[in-house]
Structure formats: C-alpha cells, structure tokens
Amino acid sequence: MISEKVRVRYAPSPTGYLHIGGARSALFNYLYAKKYNGDFVFRIEDTDIERNIPGAEESQLNDLIWLGIIPDESTEKPNPLYGPYRQTEKLDIYKQYAQKLIDMGVAYECYCTEDELAQMKEEQLANGVKSFKYDRHCLNLTEEEKEKYRKEGRKPTIRIKMSENHVFKFNDLVRGEISFNSNDIGDFVIMKSNGIPTYNFAVVIDDHLMKITHVLRGEEHLSNTPKQLQIYEYFGWEPPKFGHMTIIVNPNGKKLSKRDHNILQFMSQYRDLGYVPEAIFNFLFLLGWTSDDNREIFTKEEAIQAFDPSRLSSSPSMFDNKRLLWTNQYYVKHMDNDKYFEFILPFVKKAKLPKSYSDKELKSISLIFKNEIETGSQITDMLNDIFVEKEKLNEEEEQILNSESAKVVIPAFKEKLSKLEIIDQEHVKFLFKEIQKETGFKGKDLYMPIRIKITGAMHGIEMFNIIDILGKDETISRL
RNA sequence: GCUCUGUUGGAGAAGCGGCUUAACUCAACGCCCUCUCAAGGCGUCAUUCACGGGUUCGAAUCCCGUACAGAGUACCA
C-alpha cells in the first residue's frame, strides 16, 4: 500500500469563539500534521443551525492563526478536491449517502416524534431497563404505514441499524486497544427530520471525503467512535486512526465549560490581557503532554519535532492559571526588545500618562517593566499606580512620612533634585548617595519617605526609574 | 443504572518489573540579594504511588476486585 499523506483536521461548530479546549485540540492535530509533513484542515461543523452564532467561524479561524496554528486548507483556503468546508453547504451529499444506507437495508426512516421517544424512554426506565435504546418501532414499517404517518404531517428521521453483537475494536493513539459492543448502542439518528445530518454521520462522510487519516479529539468523543465505526463498516471505508485526548478540567475537577466564569475561556480574552501567543501555545502543549527530556519551553518548531501522541496523558489535566502566568512571563522576559516594544506599547499607551512622551521615552519606560510583568495589561496598572496620585495613605505610610528621617530627607531631596540638570538613573542614584552622606540616613529611612511621598505606596519599581519616568517637574510637584 | 476511561505531592507530571530511599517544572514556604515589589541565586516540601488481594526472589510499574472521579448514554457537537 502506498503510504498516504497525513491529513488531520480541526472541525469546530460555530457556536462560540475559540476556547481553550478547542485550541488545544487544534494544536495537537496541527503538531501531528506538521510532524509528518501532512496537512491541517480547518472545517466547520455547522449542522446545529439553531445554535450557530455569527462571527464565530471567523474568530475561530483568526484566533487559531494568532496562535500560530495555520491551516493548510480552510473555509478561506479551500482545496477544490475536498470542499466544501462547511457542512451546511453539502447537504445533498449527506442525503445521497444516507439513501445508500437505506438501499443497503442498514438504515431506515423513523417517524417517531420526540414526545413519543421521550415517553418510550420513560417506560423503559420504569420497567427497570437502565440504558435506553431505541426500540426499533419503525424498523419494518410498510409503505402504507409510512404513508399514513406522512399524511399526519410527520417528517421522518433516518436511523442507522446497528449490527447485532458486533465488537468494534480499535487501537487508540493515546489509550491503546479499546472495544465496544454494538449491543450497547441503540439505532441512532443519522439524518434529522429537517434534512440535516447529525454530527456522527456528517463527520464520517466528511472525514472520508476529505481523506482524513488521523483524528485527535477530546475524550468526550470516545463513546461516539463505535457509532462512527459502524458507518465506516457499512460503507466499506477504512476509518482514520483515532486518538482520544483527555479533557481539561477546572480547579473543581469538572470539564471546562463555556459557562464557567472562573477561568477565562476564550483566546480573544487572553489576547486582550496581553498574553503572548507563543506562551499560550507552549502552555497548551504541556497541558496533558510531556516530553521525555524534561524540557518546559518549546518553540513551535521544537514542539513539532518533539510531539508524539503516545505521550499524551490519558488522565484529565487541570487548568492551572499560575502556570500559564509563569509561562507568559517567561516569554515576555525572553523576547527581544523590538518584539517586546511592539507587544507592550499598546498597553503602555492605555495608561493615564501625565504628559506626552516621545517614542523613545515610551520604549525606555517599557523596558523598565520587562522583568516585572506577567502579562501586557499589568504594565497599564503599574504605570497608573505611579501616575495616578493616591488620595489616601494608610496608617503605616502616614507614620513614615511623619518620621524624623522624612522631615530631613524629603526637603533635602527636593532641593537637590531641583538643581539637578540631567535626570537619569545615574544622576539620581548619585543624588541619593549625597543625601545619605550629608544626612546620615540610609536604606529604608532614606528611600521610603520619598517613595511614599511620590507614589503614595510602599511598593513598586526602583526609585530611580520612577523619577526617570515622571520627570523632574512632576516629581518635584509631588514633594 | 449501563458503557467507556482514569486515579503518582497543592498543580502539570516522569516512571513501562530491579538503576526509585519516586525525576523535572509551576505554586507554596524559608534564606540571600535589596529602599520596597518583582526578577535572580540557594534551599525545604510524597518513606510513598486511591484501597484490598494476588503473581514474582523483587511491583508505583503485571493481574483481579473495591472505592472514588470524569466522559458518554440527544433529531448537540
């Protein structure tokens, strides 16, 4: 057999923006494709027309690209051999394949209504049947019976007929051998009454038509796999290799849900807060995957090189925000300065600057914070802490301002500063030394009163830098 | 309930039958540096791998049970 080109996909439903779980799925599929010189396909599974939201598809794609996960084929960059890339655009294709299954006698029209189905479920439950399976009420309907239902205005769904006592076995890329018995699975719907395929049917058709070779997806799809394998089997198609990744859980041990507000869910939120895409890439990469050589920091290329799906964890991973912060801080700290400026300047400009600074000044201000911040937006807050004068001091701060040293040190500093020609780190530093020599106050006694007087707080970046940023006039006006 | 999948420290985890008195990273804590906050440096943090049996000369590692957790059980994906 000729070795096929690896083709993988990320196939979100456009019911929301790109979130952490989706990004991680996409990431691992992307890595797999690139590792084996394959193609990464972006396709849209929009069969749930009620829940689709406008803009979701676009943002999914853009955020993916922002992360550096760049599709080889997508809704924007289709390959005519494999399109369309939106399921709603190929409805008649699914219809044809569903009809084929009916003709083969392995699928059938079902005229049961949702209410009837719900009632059936209830009855089974009451009779002690714990797991609900469709009772095949419509399996052998005659043409007359169907006609009668149709006259009542019923629109049929199409259900697939599961084989009897058949074991579906497959070798999961991350979990090893897994098997399911077909008896545990009821005849499920493949075409809804509105003529739109269900997920389990559409993926199979799409993956086959798009020649997808490997599917890395969330654990929640594990129990869908036998359903899909049944369809592959009926068509006589070779299924792709599946790998089921563990889900990501929140600190309470529950699967991350889009409604979970304790954790930021969407890539756009992280971008707005000043997270670096490479850092998120790296963080996501190590969430449920580890290298065999203890490395923690990977460039995209290194990740592609190192990736091996069999090292994917099979137990759930908890999303640890502190770890993400650390990773982001690492990336900020290690950026080269030009890239750093590009990244940080928008956040600097968001601060309430007391005067207008030249680009050069803004850059030197930014640099002061390079080792200080975890995320971009933190620089805005830190600058505002300096610029926006605090109206009320706490007791301890008042005390320091009323201390013996304060009474000596502050006037001395003010006087010397007003005479100083050049305000830069070196000169201001020297000035502090002089005061120390003349007044005898040093360390805390020297710096704290001035710090509190200027910034209204006991904490912050180095004094020299604060004065440098504020400038001579502004500093003196605060003394 | 049923089906499937898991369970190593606060978190991510390594470990794949003897090299493990359980690596590495984050967090936390302590010390150093220091005007403070960070950053940086140094150090501390599981005698034990959910529990109970078994296999073996030897088990965190293999097998079986139990407990717990998660996912699925839709005309959602």
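Reminder, nothing fancy here: chain letters follow the sequence lines and each chain counts from 1.
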- Note on the structure: When rounded to whole Å, the CD to C1' distance for the pair A/Glu177 and B/rG6 reads 18 Å
- Message: Go nucleotide by nucleotide along RNA chain B from the 5' end; which of A/Ile196 and A/Gly288 gets its closest nucleotide reached first?
- Response: A/Gly288
- Task: Quick one: label A/Glu462 by what it contacts on the DNA or RNA (base, sugar-phosphate, nothing), any heavy atom closer than 4.0 Å.
- Result: base
- Look at A/Ser317 and B/rG12 and indicate whether a side-chain polar atom (N or O) is within less than 4.0 Å of OP1 or OP2. no
- Nearest-neighbour nucleotide for the A/Pro316 side chain, B/rA39, B/rG6, B/rA77 considered: B/rG6
- Query: Taking atom C1' in both B/rG54 and B/rC29, what distance in whole Å separates the two?
  - Reply: 42 Å
- Donor-acceptor pair under 3.5 Å: do we get one between A/Asn224's side chain and the base of B/rA77? yes
- Query: CD of A/Glu372 versus C1' of B/rG40: gap in Å, rounded?
  - Reply: 12 Å
- Item | A/Met448 side chain, from C-beta outward: closest of B/rG70, B/rC35, B/rG6 | B/rC35
- Item | pi-stack flag for A/Trp326 and B/rC26, centroid dist under 5.5 Å, interplanar under 30° | no
- Message: Strictly below 4.0 Å: does A/Lys192 bring a side-chain N or O up to OP1 or OP2 of B/rA74?
- Response: no
- What nucleotide among B/rA39, B/rG12, B/rC35 has an atom nearest to a side-chain atom of A/Tyr447? B/rC35
- Checking B/rC35, B/rG12, B/rA71 against the side chain of A/Lys444 (C-beta onward), the nearest is B/rC35
- When we call it a touch if two heavy atoms are under 4.0 Å apart, what does A/Arg159 touch: a base, just sugar-phosphate, or nothing? sugar-phosphate
- Just checking A/Glu220: base, sugar-phosphate only, or nothing, at a heavy-atom cut-off of under 4.0 Å? sugar-phosphate
- Would one find more than 12 heavy atoms of other residues, nucleotides or ligands at under 6.0 Å from atom NZ of A/Lys192? yes
- What does A/Thr157 touch in the nucleic acid at a heavy-atom separation under 4.0 angstrom: a base, only the sugar-phosphate, or nothing? base
- Task: Report yes or no: does A/Asp46 contribute a side-chain atom to a donor-acceptor pair with the main-chain N or O of A/Pro14 at less than 3.5 Å?
- Result: no
- Task: Identify which nucleotide among B/rA27, B/rC4, B/rA39 has an atom closest to any side-chain atom of A/Lys322, counting heavy atoms from C-beta outward.
- Result: B/rA27
- note: A/Asn294, atom CG; B/rG15, atom C1'; distance rounded to Å ~ 11 Å
- Item | Atom-to-atom span, NZ of A/Lys227 to P of B/rC4 - whole angstrom | 15 Å
- Item | Donor + acceptor pair across side chains of A/Thr113, A/Asp115 (<3.5 Å) | no
- Query: Under 3.5 Å, side chain of A/Asn394 to main-chain N/O of A/Glu397, donor-acceptor pair present?
  - Reply: yes
- May I ask you to say what A/Thr327 touches in the nucleic acid, namely base, sugar-phosphate or nothing, with a heavy-atom cut-off under 4.0 Å? nothing
- Query: Just checking A/Gly443: base, sugar-phosphate only, or nothing, at a heavy-atom cut-off of under 4.0 Å?
  - Reply: sugar-phosphate
- Message: Between B/rU48 and B/rG10, how far apart are the two P atoms, rounded to whole Å?
- Response: 13 Å
- Query: Taking the side chain of A/Asn200 as heavy atoms from C-beta outward, which of B/rA14, B/rA77, B/rU25 is closest to it?
  - Reply: B/rA77
- RNA chain B stem ranges, 3 or more consecutive Watson-Crick or G-U pairs under 3.5 angstrom: B:1-7 with B:67-73, B:10-12 with B:24-26, B:28-32 with B:40-44, B:50-54 with B:62-66
- Task: Determine the contact category for A/Glu45: base if any of its heavy atoms lies under 4.0 Å from a base atom, sugar-phosphate if only primed atoms, P, OP1 or OP2 are that close, otherwise nothing.
- Result: sugar-phosphate
- Quick one: label A/Lys333 by what it contacts on the DNA or RNA (base, sugar-phosphate, nothing), any heavy atom closer than 4.0 Å. sugar-phosphate
- Scan A/Arg217 against the nucleic acid and name what it touches under 4.0 Å (heavy atoms): base, sugar-phosphate only, or nothing. nothing
- Task: Round to the nearest Å and state the distance from A/Ile466 atom CD1 to B/rA38 atom C1'.
- Result: 12 Å
- Answer yes or no: does a side-chain N or O of A/Arg311 lie under 4.0 Å from OP1 or OP2 of B/rG15? yes
- Task: Give the nucleotide from the list B/rU36, B/rG72, B/rA13 with an atom nearest to the side chain of A/His459.
- Result: B/rU36
- Query: Ignoring hydrogens and geometry, is there a side-chain-to-backbone donor-acceptor pair from A/Asp468 to A/Gln425 under 3.5 Å?
  - Reply: no
- Query: Mind checking whether A/Trp289 and A/Phe307 have parallel, tilted or perpendicular rings, split at 30° and 60°?
  - Reply: tilted
- Item | Geometric class of the A/Tyr330/A/His334 ring pair [parallel <30°, tilted 30-60°, perpendicular >60°] | parallel
- Where the side chain of A/Met318 is concerned, which of B/rA13, B/rG12, B/rU5 is the nearest nucleotide? B/rG12
- Message: What is the separation between atom CG on A/Leu287 and atom P on B/rA14, rounded to the nearest whole Å?
- Response: 12 Å
- Message: Counting only side-chain heavy atoms from C-beta out, which of B/rU5, B/rC37, B/rA77 sits nearest to A/Leu222?
- Response: B/rU5
- Sugar-phosphate only, base, or nothing, as touched by A/Leu446 at under 4.0 Å among non-hydrogen atoms: nothing
- Note on the structure: Between A/Met191 and A/Phe464, whichever has its closest RNA chain B nucleotide further toward 5' is A/Phe464
- Have a look at A/Thr47 and say if it touches a base, only the backbone sugar-phosphate, or nothing, with a 4.0 Å heavy-atom cut-off. sugar-phosphate
- So what does A/Ser193 touch, heavy atoms closer than 4.0 Å: a base, only the sugar-phosphate, or nothing? base
- Integer angstrom distance from the C1' of B/rU44 to that of B/rC2: 48 Å
- Message: What is the separation between atom CE on A/Met335 and atom C1' on B/rA39, rounded to the nearest whole Å?
- Response: 17 Å
- Report the relative orientation of the aromatic rings in A/Phe298 and A/Phe285; use parallel for angles under 30°, tilted for 30 to 60°, perpendicular for over 60°. perpendicular
- Please state whether the rings of A/Phe432 and A/Phe464 are parallel, tilted or perpendicular, taking 30° and 60° as the class boundaries. perpendicular
- Query: What does A/Gly186 touch in the nucleic acid at a heavy-atom separation under 4.0 angstrom: a base, only the sugar-phosphate, or nothing?
  - Reply: nothing
- Query: What is the distance, rounded to the nearest whole Å, between atom CD1 of A/Ile454 and atom C1' of B/rU36?
  - Reply: 13 Å
- Ignoring the backbone of A/Arg323, work out which of B/rG70, B/rG10, B/rU25 is nearest its side chain. B/rU25
- Message: So, OP1 or OP2 of B/rU5: does either fall under 4.0 Å of a side-chain N or O from A/Thr246?
- Response: no
- Return the orientation label for the A/His244 and A/Phe242 ring planes: parallel under 30°, perpendicular over 60°, tilted otherwise. parallel
- Take atom NZ in A/Lys370; do more than 12 heavy atoms of anything else shown fall under 6.0 Å from it? yes
- So what does A/Met463 hit on the nucleic acid, given a heavy-atom distance under 4.0 Å: a base, only sugar-phosphate, or nothing? base
- Message: Under 3.5 Å, is there any donor-acceptor pair linking the side chain of A/Arg295 to the base of B/rU25?
- Response: no
